[in-house]
Trainee: 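Please read through the structure below; I'll follow up with questions.
Excluded from the calculations below are hydrogen atoms, water molecules and symmetry mates; all remaining heavy atoms, backbone and side chain alike, are included. Not measured: the values here are computed from a predicted model.
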Amino acid sequence: MDYSREALDEQATGDDPMHFFMKWFSEAESAQITEVNAMTLATVDADHRPHARIVLLKGADERGFSFFTNYDSAKGTHIAADPFVALLFFWKELERQVRIDGRIEKLPAAESDEYFYSRPVGSRLGAWASPQSREIPGREVLEQNYERYQKEFGENVPRPPHWGGYLVVPQRIEFWQGRSSRMHDRISFSRNEDGSWKRCRLAP
Ligand SMILES: Cc1cc2nc3c(=O)[nH]c(=O)nc-3n(C[C@H](O)[C@H](O)[C@H](O)COP(=O)(O)O)c2cc1C
Ligand SMILES: Cc1ncc(COP(=O)(O)O)c(CN)c1O
């Protein structure tokens, strides 16, 4: 595969990488890419071993990037032990990659509520039914839990205390655009002490 769609220069990315991320994100949406918000989340456990999995980006604003999950899951346990994480997007149709590293924190409960109550009732029951990342003897455990909570809550399924959002506050954001002969463009932003961003170009 030789990449040849387009170039990325320093000027085009501007001074604010969150702003530029939104631009690339909406271009990916317009390109009809399916699950454009699917991103790899890397965490490290208490023994410094890395773990990666896909989660769905549900918000991006001047604060950072947010997603929702089970706080008692493996990833939740890793995050509690070490708040440094990485995110990765690969939009292959656009020959683009975005790499983000930063520090993660829980979203305020009000924001977790707001998102949770926007989800279909079935997914809300799923959040109760699944002890995410735990070993279970069989699928029937999930089905039984689901039915039990369905009986208990009916249509009014509250947010479980162990389920909510995280915000990744970026410290570095890199935009990668594939180019011919592996001579790709990489524009990287690192956060300064005062919160402003320093931009540089990296060799591919
Ligand atoms: C496309 C896709 C989207 C996913 N989105 C989420 C998500 O937003 N939140 C989540 O908790 N798990 C999501 N998952 C499941 C995770 O990849 C993972 O299996 C789960 O969160 C357990 O991870 P852990 O054991 O490392 O905590 C998604 C999986 C795929 C393939
Ligand atoms: C277990 C789990 N939790 C949360 C999500 C987040 O997405 P949604 O809120 O759209 O269900 C997903 C998406 N695949 C998921 O698999």
Trainee: For residues Phe116 and Pro158, report the shortest heavy-atom separation together with the two atoms involved.
Mentor: CE2-O, 3.2 Å
Trainee: Could you walk me through whether Ile79 and Tyr166 pass the side chain to side chain contact (heavy atoms under 4.5 Å, CB included) test, one step at a time?
Mentor: CA-CA 10 Å; Ile79 288 164; Tyr166 283 109; 3.7 Å; yes
Trainee: Passes side chain to side chain contact (heavy atoms under 4.5 Å, CB included), Ile104 versus Val169? Steps please.
Mentor: CA-CA 6 Å; Ile104 194 166; Val169 178; over 6 Å; no
Trainee: May I ask you to test the Arg159-Tyr117 pair for a side-chain heavy-atom distance under 4.5 Å?
Mentor: yes
Trainee: Would you say the side chain of Arg179 lies within less than 4.5 Å of the side chain of Asp2, judging by non-hydrogen atoms?
Mentor: no
Trainee: Should Phe68 and Val168 be regarded as members of a common hydrophobic cluster, given that ILVMFWY residues are connected when their side-chain heavy atoms come within less than 4.5 Å of each other, either directly or indirectly?
Mentor: no
Trainee: Between the side chain of Glu111 and the main-chain N/O of Gly165, is any donor-acceptor distance below 3.5 Å?
Mentor: no
Trainee: Can you confirm whether Asp72 sits close enough to Arg134 that some side-chain heavy atom of one is under 4.5 Å from a side-chain heavy atom of the other?
Mentor: yes
Trainee: To the nearest 0.5 Å, what is the distance between OG1 (Thr34) and CG (Asn37)?
Mentor: 10.0 Å
Trainee: How many angstroms lie between CG in Leu88 and CD in Glu174, if you round to the nearest 0.5 Å?
Mentor: 10.0 Å
Trainee: Are Lys75 and Val55 close enough that some pair of their side-chain heavy atoms sits under 4.5 Å apart?
Mentor: yes
Trainee: Is a salt bridge present between Arg199 and Glu10, judged by a nitrogen-to-oxygen distance below 4.0 Å?
Mentor: no
Trainee: Can you get from Phe67 to Phe21 by hopping between Ile, Leu, Val, Met, Phe, Trp and Tyr side chains that sit under 4.5 Å apart?
Mentor: yes
Trainee: Which atom names give the shortest non-hydrogen contact between Arg201 and Asp9, and what distance separates them?
Mentor: NH2-CA, 3.7 Å
Trainee: Over all heavy atoms of both residues, which pair between Ala129 and Pro131 is shortest? Give the atoms and the distance, please.
Mentor: O-CD, 3.3 Å
Trainee: Check for a donor-acceptor pair, side chain of Asp82 on one end and backbone N or O of Thr43 on the other, with a separation under 3.5 Å.
Mentor: no
Trainee: Consider only side-chain N and O atoms of Gln177 and Arg96, and report whether a donor and an acceptor are under 3.5 Å apart.
Mentor: yes
Trainee: Tell me, do Trp176 and Arg99 make a side-chain contact under 4.5 Å, heavy atoms counted?
Mentor: no
Trainee: Mind telling me whether His162 and Trp128 have parallel, tilted or perpendicular rings, with 30° and 60° as the class edges?
Mentor: perpendicular
Trainee: Under a 4.5 Å side-chain heavy-atom rule over Ile, Leu, Val, Met, Phe, Trp and Tyr, are Leu57 and Met18 clustered together?
Mentor: yes
Trainee: Would you say Phe65 ends up clustered with Tyr71 if hydrophobic residues are merged whenever their side chains have heavy atoms under 4.5 Å apart, either directly or through other cluster members?
Mentor: yes
Trainee: Do Ser188 and Arg172 have side-chain N/O donor and acceptor atoms under 3.5 Å apart?
Mentor: yes
Trainee: Around Asn156, counting heavy atoms of other residues, nucleotides and ligands shown, do more than 12 lie under 6.0 Å from its CG?
Mentor: no
Trainee: Side chain of Arg53, backbone of His51: donor and acceptor closer than 3.5 Å?
Mentor: yes
Trainee: Under a 4.5 Å side-chain heavy-atom rule over Ile, Leu, Val, Met, Phe, Trp and Tyr, are Leu87 and Trp91 clustered together?
Mentor: yes
Trainee: Any non-hydrogen side-chain atom of Phe89 less than 4.5 Å from a side-chain atom of Met39?
Mentor: yes
Trainee: If you look at every heavy atom in Asp45 and Asp47, which pair is closest and at what distance?
Mentor: OD1-N, 2.8 Å
Trainee: With rounding to the nearest 0.5 Å, note down the distance linking CG in Asp16 to NZ in Lys23.
Mentor: 13.5 Å
Trainee: I want to check something: taking the side chain as every heavy atom from C-beta on, are Asp15 and Trp197 in contact at a cut-off of under 4.5 Å?
Mentor: no
Trainee: Can a donor-acceptor pair be found, under 3.5 Å and without considering hydrogens, that links the side chain of Gln132 to the backbone of Ser73?
Mentor: no
Trainee: What distance separates Arg191 CZ from Lys198 NZ, expressed to the nearest 0.5 Å?
Mentor: 14.5 Å
Trainee: I need the minimum non-hydrogen distance between Leu167 and Gly64, along with the two atoms involved.
Mentor: CD1-C, 3.7 Å
Trainee: In sequence, state the C-alpha distance, the side-chain angles, and the governing distance for Ile33 and Leu94, and then conclude on side chain to side chain contact (heavy atoms under 4.5 Å, CB included).
Mentor: CA-CA 9 Å; Ile33 295 172; Leu94 298 177; 4.1 Å; yes
Trainee: Give a yes or no answer on whether the side chain of Ser30 reaches the backbone of Ser26 with a donor-acceptor pair at less than 3.5 Å.
Mentor: yes
Trainee: Can you tell me how far the CG atom of Leu125 sits from the OG atom of Ser123, to the nearest 0.5 Å?
Mentor: 9.0 Å
Trainee: As an exercise, state the distance from CZ of Arg5 to CD of Glu95, rounded to the nearest 0.5 Å.
Mentor: 6.5 Å
Trainee: Angle between ring planes, Phe20 versus Trp24, binned at 30° and 60°: parallel, tilted or perpendicular?
Mentor: tilted
Trainee: Does CD in Glu155 sit with more than 12 non-hydrogen atoms of other residues, nucleotides or ligands closer than 6.0 Å?
Mentor: no
Trainee: Do Leu56 and Glu35 come within less than 4.5 Å of each other through their side chains, counting heavy atoms only?
Mentor: yes
Trainee: What pair of heavy atoms forms the shortest contact from Phe189 to Ile187, and how long is it?
Mentor: CE1-CG2, 4.0 Å
Trainee: Is the charged tip of Lys58 near the ring of Tyr115: under 6.0 Å from the six-membered ring centre and within 45° of its axis?
Mentor: no
Trainee: Would you verify whether the NZ or CZ of Arg186 falls within 45 degrees of the ring axis of Phe175 while also being under 6.0 Å from that six-membered ring's centre?
Mentor: no
